[in-house]
Structures are given as structure tokens and as C-alpha cells.
Amino acid sequence: MDVALQGSLFDTSLALGSLAGIQRTPLSHGAWVDHLPGWLRGASALFADLVDGVPWHAERRQMYDRVVDVPRLLCFYGETDPLPHPILDEARTALSAHYHPELKEPFRTAGLCYYRDGRDSVAWHGDRIGRGNTEDTMVAILSVGAARALLLRPKDGGGPTVRHALGHGDLIVMGGSCQRTWDHAVPKTSKPVGPRISIQFRPRGVR
DNA sequence: GGAATCCACGGTGG
DNA sequence: TCCACCGTGGATTC
């Protein structure tokens, strides 16, 4: 029996739901985005464990005439690193199975980002794997904590910006040519917003 | 007048 | 070697 059917007694327990309700948004150039709000129930427990349990790195970066703080905290888990929470192993396994065989190899790495408040952000980019790599790669993102906007727009400028709200326990998967032909960003916001952690699963490493 | 968008800037890693 | 990448702040547009 699906735990989700057992009723309110377990509403706050940490568990993954079914992936059956994923909504796919087709984009131009053969890109697509899948969205499943509230995939992870009890996400507050995961958020709290990650805040305390992950060895977050603050990075600095040379940008023109000065060194600036990267506007988020980071931690990367390579394919041989144990993930910081068992539910993340479950998520990675479930996602690898669900997206097979379109996903040609399983999700292996996990990149974690901690957006402390509305001043934290990530600029427009596509997740490339290596230089000059033209192979399409799928990225699955689990988002916990405060809701933030994920913006997507085509790299060639030929189309409108697409906006997704990333809420507590939501799953977003970018696939097809998305990393090659589209950029995405989490912009800063002046609205008061709490902290958010994203967990990005990929088949192989990106820092 | 605040929010959203665009642009220029250049050292660096792959 | 060489070029795409990345964050900020000012200008511009609503």
C-alpha cells in the first residue's frame, strides 16, 4: 500500500510520492521541462538536516577588477561520495528508473546549492558538461525550503522567458536539448524570501 | 519609483 | 591555445 494513502497520520513523514503526475512542458528546439510539485513530503525535515549536515562552501570569484562572493553556498557530491541524506539516495534511484531509457545512464552526481535569501541567485547559464560537448544531458532538481522562481529562455533569443515557481518539495527536470539550447537562472528578488536548498542530480560531474 | 531587463566588463579553467 | 563562462552595477524601459 502506498504510504500516501495511509492518511494524515503520516503527513509529515519524509517520503517521496509517485512520479506519475509529472507535467511536461515542451519548449522550442527540442527542449522540455518536467514539473512535479510536492514530490517530497515532509521536506522540512530534509531541509533542516541539510542546513546542518552539509559542509557548505562559500566561494569567491574574480570578476573583472574585483573578487566577489558567489551568491549562494555550494557543495558537490561526486559519483563515489556518499550523499548527505538517505532520502537523496532514494530520489536518485527513483529518478534514474523513471527516466530510463531516455536517460541513457543513471543519475550519479549531486550538486547542492543553498540560497540563503533573496540576495542569493544564479545567473543565466546552461549546464554544460565539459568544453565543446554537444551531447544533451538531463538534470533533475529537487527543491526544498522557500519558493523561488526558475526562469528559462532560449539562448538564441527567439522566444519568451518561461517561469516556474519552485516550491517546497518540488521536482523539476530539464531534458532534451534544454542545457544546450536554453539558459536558466534563479534571479535575485527584493521580496522577503526565506532560505532554499536545491539538489541537482546529473549523470556526471559539473563542479 | 520600484521592478524587470539588458549590457559591458575581463581573468580563468577546461 | 583560445574562448565561453560568470556576477555586478549602471542604464533603460516600463
Side-chain angles (χ1 to χ4, degrees), chain A residues 25 27-33 35 50-51 54-81 103-105 107-167 170 172-207:
Chain A
T25 304
L27 306 170
S28 64
H29 304 95
W32 53 259
V33 180
H35 191 196
L50 294 179
V51 167
V54 170
W56 297 105
H57 304 292
E59 296 188 358
R60 295 171 70 74
R61 199 187 153 85
Q62 176 87 33
M63 290 297 292
Y64 305 96
D65 54 347
R66 56 183 168 158
V67 177
V68 299
D69 291 322
V70 170
R72 58 195 173 279
L73 300 181
L74 307 161
C75 191
F76 179 75
Y77 293 84
E79 17 191 310
T80 60
D81 300 323
L103 178 71
K104 295 174 187 67
E105 44 187 343
F107 291 115
R108 293 195 179 90
T109 69
L112 274 64
C113 291
Y114 183 9
Y115 299 86
R116 293 157 289 185
D117 58 33
R119 291 168 296 187
D120 277 351
S121 63
V122 65
W124 289 108
H125 69 286
D127 293 319
R128 71 191 193 293
I129 294 185
R131 187 181 152 69
N133 188 341
T134 55
E135 200 169 314
D136 289 341
T137 178
M138 198 184 298
V139 181
I141 302 171
L142 180 58
S143 184
V144 295
R148 291 292 293 266
L150 175 73
L151 273 50
L152 297 111
R153 70 180 183 191
K155 285 182 193 282
D156 66 6
T161 296
V162 176
R163 175 182 295 259
H164 283 274
L166 298 184
D170 288 9
I172 279 265
V173 183
M174 293 181 280
S177 70
C178 202
Q179 304 305 330
R180 184 167 48 84
T181 64
W182 285 64
D183 280 331
H184 57 275
V186 177
K188 296 183 193 304
T189 175
S190 59
K191 300 180 183 92
V193 57
R196 164 184 179 252
I197 291 172
S198 77
I199 301 101
Q200 302 153 305
F201 295 108
R202 298 184 179 81
R204 354 195 59 92
V206 181
R207 276 148 302 268

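A note on names: the letters A, B, ... follow the listed sequences, proteins ahead of strands, and every chain is numbered from 1. Side chains are part of it too, since the values below use all heavy atoms of this structure and drop only hydrogens, waters and symmetry mates.
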Self-check item: Candidates C/dG7, B/dT5, C/dC6 - which lies nearest the side chain of A/V70
Solution: C/dG7

Quiz item: In terms of side-chain heavy atoms of A/K191, which of C/dG7, B/dA4, B/dT5 is nearest?
Solution: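 Between C/dG7, B/dA4, B/dT5, the one nearest the side chain of A/K191 would be B/dA4.
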
Separation of [X] atom [atom1] from [N] atom [atom2], in whole Å?
X	N	atom1	atom2	result
A/R119	C/dT8	CZ	P	12 Å
A/D183	C/dA4	CG	P	13 Å
A/R153	B/dC7	CZ	C1'	11 Å
A/Q179	C/dA4	CD	P	18 Å
A/H125	C/dC3	NE2	P	23 Å
A/W124	C/dT8	CH2	C1'	17 Å

Quiz item: When we call it a touch if two heavy atoms are under 4.0 Å apart, what does A/R163 touch: a base, just sugar-phosphate, or nothing?
Solution: nothing

Exercise. Select base, sugar-phosphate, or nothing to describe what A/S190 touches, counting heavy atoms under 4.0 Å on all strands.
Key: sugar-phosphate

Please check this pair: side chain of [X] against backbone of [Y], looking for a donor-acceptor N/O pair closer than 3.5 Å.
X	Y	value
A/S177	A/H29	yes
A/D117	A/R119	yes
A/R148	A/G167	no

Quiz item: Should A/R72 be listed as having a side-chain N or O under 4.0 Å from OP1 or OP2 of C/dC6?
Solution: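 Looking at the OP1 and OP2 atoms of C/dC6, neither is under 4.0 Å from any side-chain N or O of A/R72.
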
Quiz item: Between A/D127 and A/R202, is a salt bridge (charged side-chain N to carboxylate O under 4.0 Å, His left out) present by the stated rule, with each step listed?
Solution: CA-CA 10 Å; A/D127 293 319; A/R202 298 184 179 81; 3.4 Å; yes

Exercise. For the pair A/H164 and A/H35, name the ring-plane relationship: parallel under 30°, tilted 30 to 60°, perpendicular over 60°.
Key: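 It falls in the perpendicular class, over 60°.
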
Practice problem: State whether a side-chain donor-acceptor pair under 3.5 Å links A/S121 with A/R72. | Solution: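 Looking only at side-chain atoms, A/R72 and A/S121 do not form any donor-acceptor pair under 3.5 Å.
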
Quiz prompt | Within 45° cone and under 6.0 Å: A/R153 NZ/CZ vs A/W182 ring | solution =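 No - A/R153 does not lie over the ring of A/W182 by the 6.0 Å and 45° rule.
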
Quiz item: Contacts to DNA chain B from residues 59-68 of chain A, heavy-atom cutoff under 4.0 Å, which residues?
Solution: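 Going residue by residue through residues 59-68 of chain A, the ones with a heavy atom under 4.0 Å of DNA chain B turn out to be A/R61, A/Q62, A/Y64.
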
Quiz item: Using purine N1 to pyrimidine N3 plus N6-O4 or O6-N4 for Watson-Crick, or N1-O2 and O6-N3 for G-U wobble, both under 3.5 Å, which nucleotide pairs with B/dA3?
Solution: C/dT13

